[in-house]
Amino acid sequence: MNRLFTEKNRKLFYFESAIIIFLLILVVFLGLSRTRVQKQTSAIKKQNIELNQKIQAKQIKLNKEASDKALSDADREVKVSALQVQSEKSAKKLINKLFPILLTYSDSKSYLKRNDLAEPYLSKSVLHSKNIFATSDTDMDQLDEIGLHSKFKSVGCSMGIIKGNHIPMIILTSYESWESGLRHGVGQDIYEASYNISTGKLDHLERINNLYSGRVNDDDDDTND
């Protein structure tokens, strides 16, 4: 009877021990699993934080680059606009000085003198242009023979956008002309020109059309031989 009881107690002890061991293993396993999950979760959070920091840093860099480019573009536009305005002012001053020289003469001597007077405003190629400076003996003899006079009246222009170092120009001039003993006539000529920003001169000037010519009123006619 006692042996039977002892045997039962032993089996119960083993069973309970097994359950306790199982529960301990389960607790340890769950503890380890929880720790592993916590570590994984912590690692994932850390990765997410680092990733977000990298994204933010990249975004800040991109924003700065975009801002710098915008400022650079704006600065470039301001500089180009300022250069355009300044160059237009210089070009207008030039033609206001140049065309009174080109369109005012009374004989071959004063006509030829125009070349020297216009030198500060024109490139060498323009100074040798027969379109602007006719210098043949035949032309000069004819000018003196008919007593051709010219008197500057006005000049205006329109300008294009800067291309390289040049500003394209269309110039409109007005002048009076007459031959000795005859009534004054009025003319308007159109010129095509190019203003060189670097040299401050016209490196292209060509008369392309005579827009208008006619007689002035008798009251305005003060012809001098």
Report the distance from atom [atom1] of [X] to atom [atom2] of [Y], rounding to the nearest 0.5 Å.
X: R114; Y: L103; atom1: CZ; atom2: CG; answer: 7.5 Å
X: K153; Y: T173; atom1: NZ; atom2: OG1; answer: 11.5 Å
X: Q188; Y: Y175; atom1: CD; atom2: OH; answer: 9.0 Å
X: I132; Y: T135; atom1: CD1; atom2: OG1; answer: 12.5 Å
X: L122; Y: K201; atom1: CG; atom2: NZ; answer: 8.0 Å

Using the test side-chain hydrogen bond (donor to acceptor under 3.5 Å, both in side chains), find all partners of [X] that sit at least two apart in sequence or belong to another chain.
X: D139; answer: S136
X: S108; answer: D144
X: S110; answer: D107

Report yes if some heavy atom in the side chain of Y121 is under 4.5 Å from a heavy atom in the side chain of V126; otherwise report no. no

Using only atom types and a distance under 3.5 Å, with no angle test, would you say the side chain of S174 pairs donor to acceptor with the backbone of S154? no

Closest contact, heavy atoms only, F133 versus A118: CZ-CB, 4.2 Å

Name the atoms and distances for all side-chain donor-acceptor pairs under 3.5 Å in residues 88-102, with sequence neighbours left out.
from, atom 1, to, atom 2, distance (Å)
E88, OE2, Q84, NE2, 2.8
S90, OG, Q86, O, 3.1
N96, ND2, K92, O, 3.1

Residues which pass side chain to side chain contact (heavy atoms under 4.5 Å, CB included) with [X], listed by chain and number, not counting sequence neighbours:
X: E206; value: N131, E192, H204, I208
X: Q142; value: none
X: S125; value: S123
X: N209; value: I190

Let me check something: any side-chain donor-acceptor pairs from residues 156-169 under 3.5 Å, sequence neighbours excluded? List them with distances.
from, atom 1, to, atom 2, distance (Å)
N165, ND2, S198, OG, 3.4
H166, NE2, N196, ND2, 3.4
H166, NE2, D203, OD2, 2.7

Verify the neighbour count for atom CG of D116: are there more than 12 heavy atoms of other residues, nucleotides or ligands below 6.0 Å? yes

Under a side-chain separation threshold of 4.5 Å, the hydrophobic residues clustered together with L143 are Y105, Y111, L112, M140, I146, L148

